[in-house]
Structure formats: structure tokens, C-alpha cells
Amino acid sequence: MDALTLASTRDLVWLSRHIAEGMLLGAQHSQRRGAGLEFQQYRSYQAGDPIRHIDWKLFARSDRYFVREAEQESQMHVCILLDTSASMAQPSFTVPQLSKLQYARCWIATLCWLLHSQGDRFSLIALNDRGPRRVPEGQGEDHHRRVALELARLEAAGHWPDRAQIAPLWSLFEQPCQVVLVSDFFEGESADITGFAARLHAAGRPCLPLQLLVDAERTFPFDGELKIHDPERPGFTELAAGPQRADYLRAFAAAQRTLASRFAAQQSPLTSVAVEEPIELSLRRFIDAHGRIG
Amino acid sequence: MQWFTQLSSSLWQSPQWLWALAALAIPLVIHLLRRSNPREITFAAVYWLQQQPAQDWKRVRLRDRLLLLLRLLLLTLLAVMLARPLLQQEAPATSATLLVDPRIEQAALDHFLGEHNAFTRVFWLLSEPVPIDTPRPAAPDLWRTLSALADRARFRDADILLAYARNPSGHSALRVSPHWRWHALESGAPPPASPTLAQLGDGPPWLAVAIRSLAEASLPDIELKKLSNANSVDAQQLDWLIYDTPGRLPAALQAFVADGGLLISDRRVHPHGQLPFADIAGNEPLEAAAIGRGSWLRYKRDWHSAAFFRRADLPQQLWQQWAAQDWALQARNRAEWSIDAVPGLPVPDSAVQYARWFSPDRILLWVFALLLALERGIALGRRAVAPAAGEQRA
């Protein structure tokens, strides 16, 4: 799956399933097909539910769409936290159509499908200072579809939320869960994001970090005069690229080392991924770094 | 580069076009206006870049200096071409040039060049020297040729190889270059030229004896030819003609004299019509008349008389009288000068035209075309490069 396909595909469901099935080829399927046949409840239809799950008899009776929901057992709940601050809109410099956010969408959808195929539950929280968007925990194909739909709606804007905005979210982590934190971890002096991860760790909710970068952030391949727009700040920075390159590379590498050591101290190694990298590889790397998820 | 120094000392045929140089401001202004257009990118990792205070002098930096330079050059060239300059071209270096006297034999020349092999350019010594590989020209009048070459910048510093160290001088003043280096193959003077003699019909009986006596005494290559037909007389091959047939002078002989020959007779020969005979001073009664380029020398006595020829010094007397009347011979045997003491007036360097004017139009046009192609190549090449990814054009 090359970067351009990733950038231009709108159908996250298909894409993630395609990638995940590719990764699962030859793997033991632990999924119980037909699991949850045991009827649990009716639920009113929501956008994203497959039409074939609508109970047409009930529709005929009540003139409203209802969906049958089945009970499904799972040991594991994975909560995926996605940073949607403006810096996540950073496009790749080699494939301009592909942004960090788009890569994160595909990556998360694929991860969710893998989780689904294991029968695990997963939820999504997208965080920026415009207010969190979340899909509550659930499981199954429909839930995956719902997550994919929510992912597709996300936009990168604003900053990482401050403490007051995050406070109401802590209740979501009261149940045991595994947290996957997807961000670029560009947090400056404030260290908001790592601080948040550290608090999660302290609360006994291990936080698995995935850092999304674009290749240019690692190599700084620019020349000449630059007028740089910081997506999270107004205004422009003007500078000459050439003389700055060595200093930038040094400072960036140091920051990366600090970040990696901070997460290593929490027994959750940082996986740093450039968006130009195929999702299969980065996902495989992420999974290998943390053993099996769940 | 040499041109640009020369441009200052050059002439302009249309200097009003130099005002077009004011157009140089156009590309300067364009490039200055385009300066504040750096590449715009969105870069979230800007936090790790050094925040430098904006420096105003950096903002007036010129962009695309190479293109600007090319465009300025193009405009300058255009203005210069329109103003039509005349440049002074310096004469090429003149050392290692050898001018060769055409009288020198090929073998002697080869020998000389074998000993002196520093000469890169060898010319025949003429008023307009030609390379040595052109056919050998006739020997020129050295005096005049050297005078003509004295102020030629190309040959100011030449080596001059003469056949003889001593050569006949001329009438006007000899002009020489003080830088000439002289060489001669023979230290002496060329052998004196002997006139060719002939007698038409039967000459006076003492003639053959007198000529033989002259040949034995001092002129070994003098010889008396005998002609029978007046029409076979030709001034090109014959210098002196002795004519001893009484009566009127044949028209063919008069034509011979007019062509430059010297006719010698006694008083028994008469001209057609009147000729302005003039007496020649001396102990022998003698008169001469100029006809065309030659002259007729006539003895007033009968030269068959014993009083005329019974003299011991007859051959010397005859030679003196005849040679004095042959002006061409006089010219050839005039006073000599030697390369060891060149009598000429040195032409000072200040009097030498070391440069000549030429118009560099064609060269300028070529340079202009080349620069234009280069400028277009660079400008279009830059445009073809697509804006890099993530770049935002304001």
C-alpha cells in the first residue's frame, strides 16, 4: 500500500480491512464467527450501521429502524487516543496529499480491524482544544465502521487541550484499558502530551505511544530562504535553511532522544513512524514493540 | 576582459545609444521586487529551528544573482551593439619575425634558418611583406622598401636578412626602425652590374678590340653581341647599341631608345626631324638627346678617323662616356650604405601606429546570442521545476 493510495483512499473501512487482512494472512484466526449470536438488545439505527442488520420485521411494526445487537465477549479494551491538534495536518513533502492525520486515520482503522478480528473492544478519543470527539468502546464490524466514519470526519485544528479540558476525560479511564496514544509529540516546553501519558501511566493505564513524523522533519532537506508557517501559531518565521540545518538536526535528534527515554522509563517504548512508511510495516513495528496487543 | 579596458578608449559610432544603458535599472528593479518571496512551507517542527531576529539587510538580498547578472550583461551588450563601438586592435607581437631579401638563394636561406631557428614567422622583404612560402618575388629597391616598413608596427621588431651588407643607397632619406636587427649573408657589396652591349651591322673596326681590352682590364662579364636586323633590337634584353650605318636612323632603333636603351653612334647617323641634342662637356666633342626613357649618344667626329681611335686610353674613355649617359646603370651603381652603419633616420616609437580600429559587431552578436541562449536556458529550466511538496505560493 503506497503512500499515494493511502492519501487518496476515502473508504477507510475497505482500506483498513485490506491492510489488516494482508497482515493476518496465515495467522491463526481467533475470531469467533457468529460470536454474539445471542441476542442482547435492539438499538436504534445509527449512521454507519450496515443495512442488513436492520430488523425489517420490527421496522414493519414500528415504522422505525432498529438494529439487532449481540453480546460479544472480550477480555480487552483498547482506547485509542488521537492528537488532532493543527500540527497533525502537516503534509508529507514527498507526497503532499498525505498528511499525518490521514496516515493516523488509516493506521487507527487498520489497528481497529486487527483488534476486531481478535474480538477485542476498542474506542476512539480525538483530542484538541475544540473539544474531544469520541466513539465509545464497542466491538464488531459495525463498531469498526463507526470508528472509521468518525475518523473520516476528524479535522486537525487548534492545540492539545489544557488540563481543564482533559479533566472530564479521566472518568473514561476508570475501567481497565490499554491506551494507544497517536500524536507527533510536538509539545514544546509545556510537555502536555508526555505529561498526560505519564499521568495515565501513574494511574496504571499503560500508554503505548506512536509518534507520527514526516520524513522532512528528520532530514530537513530545504535550501534557500524559507518562510515557515507553524500550524499551531499565527505568523511566519523567515530564515535561511542552509545555515540552520545542522543546528536543527541536532536539536531535533536531542528532542527525540529525550522523548524516547521518557517513554522508555514508563516501559512503553516509543514507536516513531514517518508517514512515508507503509502502514503494514509501521503497524507491525508497533505491535512487535509492545508484544501482542491485549 | 581586454575589451572592456579597450572600450574606455574606443570610439562610438552612435554614442546616443549609450543612454540605453539606463535600461539596466529594469532587471535590477525586477529582481529587487521579487526578493521578498521566499519559499513558503508549513512545518510543524519549527520549534527546533533557531528563532533569529529578522535582519533587514537580508531582505534586500538579490535573488537569482546569476540570472540578474546575465540579464544585465545582455542589456549592456545590446546598448553597446547599438552604439556600434570601434575598438583598437593591438598589432601582434613582432619579435621572432624575419624579413628575407628576395635576392637570397633558397639554400642559403635554409642554412641561415637552420642556424637561427627562433623565427616563427618569415616574410619576403617587400613593402607589403608576404610569407616566405609564396613564390619568390622580384628583388625590390631596398632603400624604399625599408623606409616603407620602418613605421609598420608588425615589423618594428623584426630581424632583417639581406644578401649583402653593403647596398646601393637611394635619393630620399632612409627611414629605419631602431629595433631592427640586421643580418647579411655577404659582407661586401653586390657585384657591379655590367650593361649588355650589341652592335648592329658592322661596327667601327676598333670596337671589338676596345671591348676585349675592357673585359680583360676591369669588367670580366662585358660582352659584345652582333645583331644584323634592326627589328630584333629589344630594350628589355639590350642596354647599349652601337650603330655604325650612315644615313637616317631606322624607326625600330628610335623605338629602342624610347624604351630605355642607349644608342651610340657618330655624326654620320641622322634622326628623322629635329632632336634636341645637347653638348656634353669633356675633351671629346659629344652630344646627347633624350628620346622617351632612353638617350642617343652621338659623337661629333667621325669615329673611323685615326684621330678618334688612335689613343691608348680609348677603352676607358669609351666606358666613361657611355656609362655616364646610362642613367639606369648610374642608379644601380650609386653610392652604397652598409648595415654596420645604417645611415637612415630612426622612426621613434611614438610615430608608430601600434593599433588599428576595428568594429567588433560580429563578435558582440555572437556573444549576445550565446548569453541569450544561456539566460533563457536557466530561466526556463527554473520554471520547469515544479514547486516542491508542501510548498505554498503566496
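Taking all atoms of both residues into account, the shortest heavy-atom contact from B/L149 to B/S127 is CD2-O, 3.6 Å.
Counting heavy-atom pairs under 4.5 Å between each of A/L213, A/V214, A/I228, A/D184 and chain B puts A/I228 at the top.
Salt-bridge check for A/D192 with A/R163: failed, with every basic side-chain N at 4.0 Å or more from each acidic carboxylate O. Between A/R218 and A/E276, no side-chain nitrogen of the basic residue sits less than 4.0 Å from a carboxylate oxygen of the acidic one, so the salt-bridge criterion is not met. Under a 4.0 Å N-O distance rule, the pair B/R39/A/D223 does not qualify as a salt bridge. Salt bridge status for A/E155 with A/R130: absent, with no side-chain N to carboxylate O gap under 4.0 Å.
Distance check, rounded to the nearest 0.5 Å: CG of A/L154 to CG of A/L124 gives 6.5 Å.
Heavy atoms closer than 4.5 Å to chain B are found nowhere in A/E232, neither backbone nor side chain.
Two rings, from B/F43 and A/F186, have their centers 6.0 Å or more apart.
Taking 4.5 Å as the heavy-atom cut-off, the residues of residues 249-269 of chain A that approach chain B are A/A251, A/F252, A/A255, ordered by number.
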